[in-house]
Amino acid sequence: AYENVLPGVSVRYELNGDSLKEDIILANRDALAHAAIRLPAEYDYEVSDANELRVLDRETRKQLFSMNTPIVYDAQNERTIAAVVLTACGAYTRMEYRIEEAYLNRAVFPVTIDPVVNSSNPIHNIQDTTIGEGRSYGYPNETYMMVGKYNGSVNTVAMLKFVQLA
C-alpha cells in the first residue's frame with residue numbers, strides 16, 4: 001500500500017494475471033477531490049452507461065484496456081457505485097470519480113473505491129518487478145508486488161508497466 005500519496009488518499013494494487021485491482025482509499029470526504037487520474041491525450045476513452053471505462057487506440061479503435069464499474073465500500077461494508085467522469089484538458093484527459101451525496105453523508109470512513117483494470121493483451125502487456133537493495137526479484141506465480149520490508153530487513157520497491165501505454 002502507498003499511504004497518503006495525495007491528501008487523504010492512499011492506494012493499494014494487486015496484479016491478477018490479466019487484471020490490476022486498484023484500491024483507492026479515502027480517509028475522509030475531502031479526499032475524493034484528489035482521487036483523479038490524468039490519462040494520456042493520445043488515446044480515446046469511452047464510459048459506458050454502467051460506468052465502465054474503455055481505453056481505445058485512436059487510429060484503429062481497438063480496445064487496449066478496460067476498467068470495470070468502480071465499486072465503492074465504506075468501513076462498515078456499505079456499498080455503492082462510483083460514476084466515472086472524463087474531462088478533456090488539452091494535453092491529457094482527467095478521470096475522476098463521483099459518489100452520491102447521500103452515500104457520502106452516511107458513509108463511515110475510510111471509504112474505498114475499487115476499480116479493476118483489465119488488459120486486452122495480458123500476457124505481453126503488463127510487466128512487474130520488485131527491486132530490493134540492488135537485487136531484482138521476479139515472482140511470476142505471485143499475485144502481489146512487494147513494497148516496504150522483505151523478510152523484515154530488505155527495503156523493496158515495486159514497479160508496474162503497461163507496455164502498450166508506455
Side-chain angles (χ1 to χ4, degrees), residues 1-26 31-73 79-100 103-104 110-132 136-148 156-166:
Y2 298 92
E3 303 292 329
N4 295 310
V5 293
L6 293 167
V9 179
S10 298
V11 294
R12 181 175 45 227
Y13 297 96
E14 183 177 334
L15 186 60
N16 292 310
D18 65 343
S19 66
L20 174 70
K21 182 182 178 308
E22 177 180 38
D23 290 334
I24 302 165
I25 305 159
L26 309 176
L32 181 59
H34 301 287
I37 300 171
R38 288 184 175 196
L39 301 172
E42 62 263 23
Y43 301 98
D44 284 336
Y45 306 95
E46 295 177 351
V47 177
S48 73
D49 291 340
N51 286 299
E52 298 165 317
L53 175 70
R54 294 180 61 220
V55 180
L56 308 169
D57 181 281
R58 182 160 279 164
E59 293 179 18
T60 66
R61 303 293 297 163
K62 178 182 175 189
Q63 180 173 306
L64 304 173
F65 291 91
S66 64
M67 184 182 76
N68 296 352
T69 303
I71 304 299
V72 178
Y73 58 91
R79 295 177 178 258
T80 190
I81 292 176
V84 175
V85 178
L86 301 176
T87 306
C89 297
Y92 63 92
T93 297
R94 176 183 166 90
M95 184 189 86
E96 62 185 303
Y97 300 101
R98 297 225 175 112
I99 301 172
E100 295 176 355
Y103 178 85
L104 290 172
V111 167
T112 301
I113 304 171
D114 186 10
V116 175
V117 178
N118 301 292
S119 172
S120 298
N121 186 8
I123 295 172
H124 304 290
N125 207 32
I126 301 174
Q127 298 173 353
D128 68 278
T129 192
T130 298
I131 299 172
S136 178
Y137 300 94
Y139 297 99
N141 297 325
E142 298 293 349
T143 61
Y144 60 90
M145 297 176 293
M146 292 175 276
V147 177
T156 62
V157 295
M159 295 186 296
L160 180 68
K161 179 180 181 182
F162 292 95
V163 176
Q164 206 150 359
L165 289 178

Q.
To the nearest 0.5 Å, what is the distance between CD on E100 and OG1 on T80?
A. 4.5 Å
Q) Considering only heavy atoms from C-beta outward, does the side chain of V55 approach that of L39 to under 4.5 Å? A) no
Q: Kindly write out the residues that satisfy side chain to side chain contact (heavy atoms under 4.5 Å, CB included) with P110, not counting sequence neighbours, or none if the list is empty.
A: I25, A75
Q. In Å and rounded to the nearest 0.5 Å, what is the CD1 to CG distance from I81 to D114?
A. 12.0 Å
Q.
Would you say CD of E46 has more than 12 non-hydrogen atoms from neighbouring residues, nucleotides or ligands within 6.0 angstrom?
A. yes
(Q) For A82 versus I99, what's the shortest heavy-atom pair and its separation? (A) CB-CG1, 4.2 Å
Q: Please report the closest heavy-atom contact between A83 and N51, naming both atoms and the distance.
A: CA-OD1, 3.4 Å
Q.
Does atom CZ (R79) have a neighbourhood of more than 12 heavy atoms from anything else shown, all under 6.0 Å?
A. yes
Q.
Quick test of your reading: applying salt bridge (charged side-chain N to carboxylate O under 4.0 Å, His left out), list the pairs with at least one residue in residues 80-95, sequence neighbours left out, ordered by first then second residue.
A. R94-E96
(Q) Any side-chain to backbone donor/acceptor pair from T112 onto D23? Under 3.5 Å, distance only. (A) no
**Q.** Taking every non-hydrogen atom, the tightest pair across Y97 and L32
**A.** O-CD1, 3.7 Å
Q. Got a second to check how far I24's CD1 is from S10's OG, nearest 0.5 Å?
A. 11.0 Å
Q.
Restricting to side chain to side chain contact (heavy atoms under 4.5 Å, CB included), what partner residues turn up for A91, sequence neighbours left out?
A. none
Q: Return the minimal non-hydrogen interatomic distance between L26 and A35, and the atom names on each side.
A: CD2-CB, 4.0 Å
Q.
What's the separation between atom NZ in K21 and atom CG in N118, rounded to the nearest 0.5 Å?
A. 12.5 Å
Q: Identify the two heavy atoms, one from R58 and one from Y43, that lie closest to each other, and give their separation to 0.1 Å.
A: NH2-O, 3.2 Å
Q. Given side chains that start at C-beta, do those of F65 and S19 come closer than 4.5 Å, heavy atoms only?
A. no
**Q.** T93 side chain to A41 backbone, donor-acceptor under 3.5 Å
**A.** no
Q: Find the distance between CG (N68) and CD (E52) and round it off to the nearest 0.5 Å.
A: 6.5 Å
**Q.** Nearest heavy atoms of M67 and V84, plus distance in Å
**A.** CE-CG2, 3.8 Å
Q | Option from R54, Q63, R61 for which side-chain hydrogen bond (donor to acceptor under 3.5 Å, both in side chains) with D44 holds | A | R61
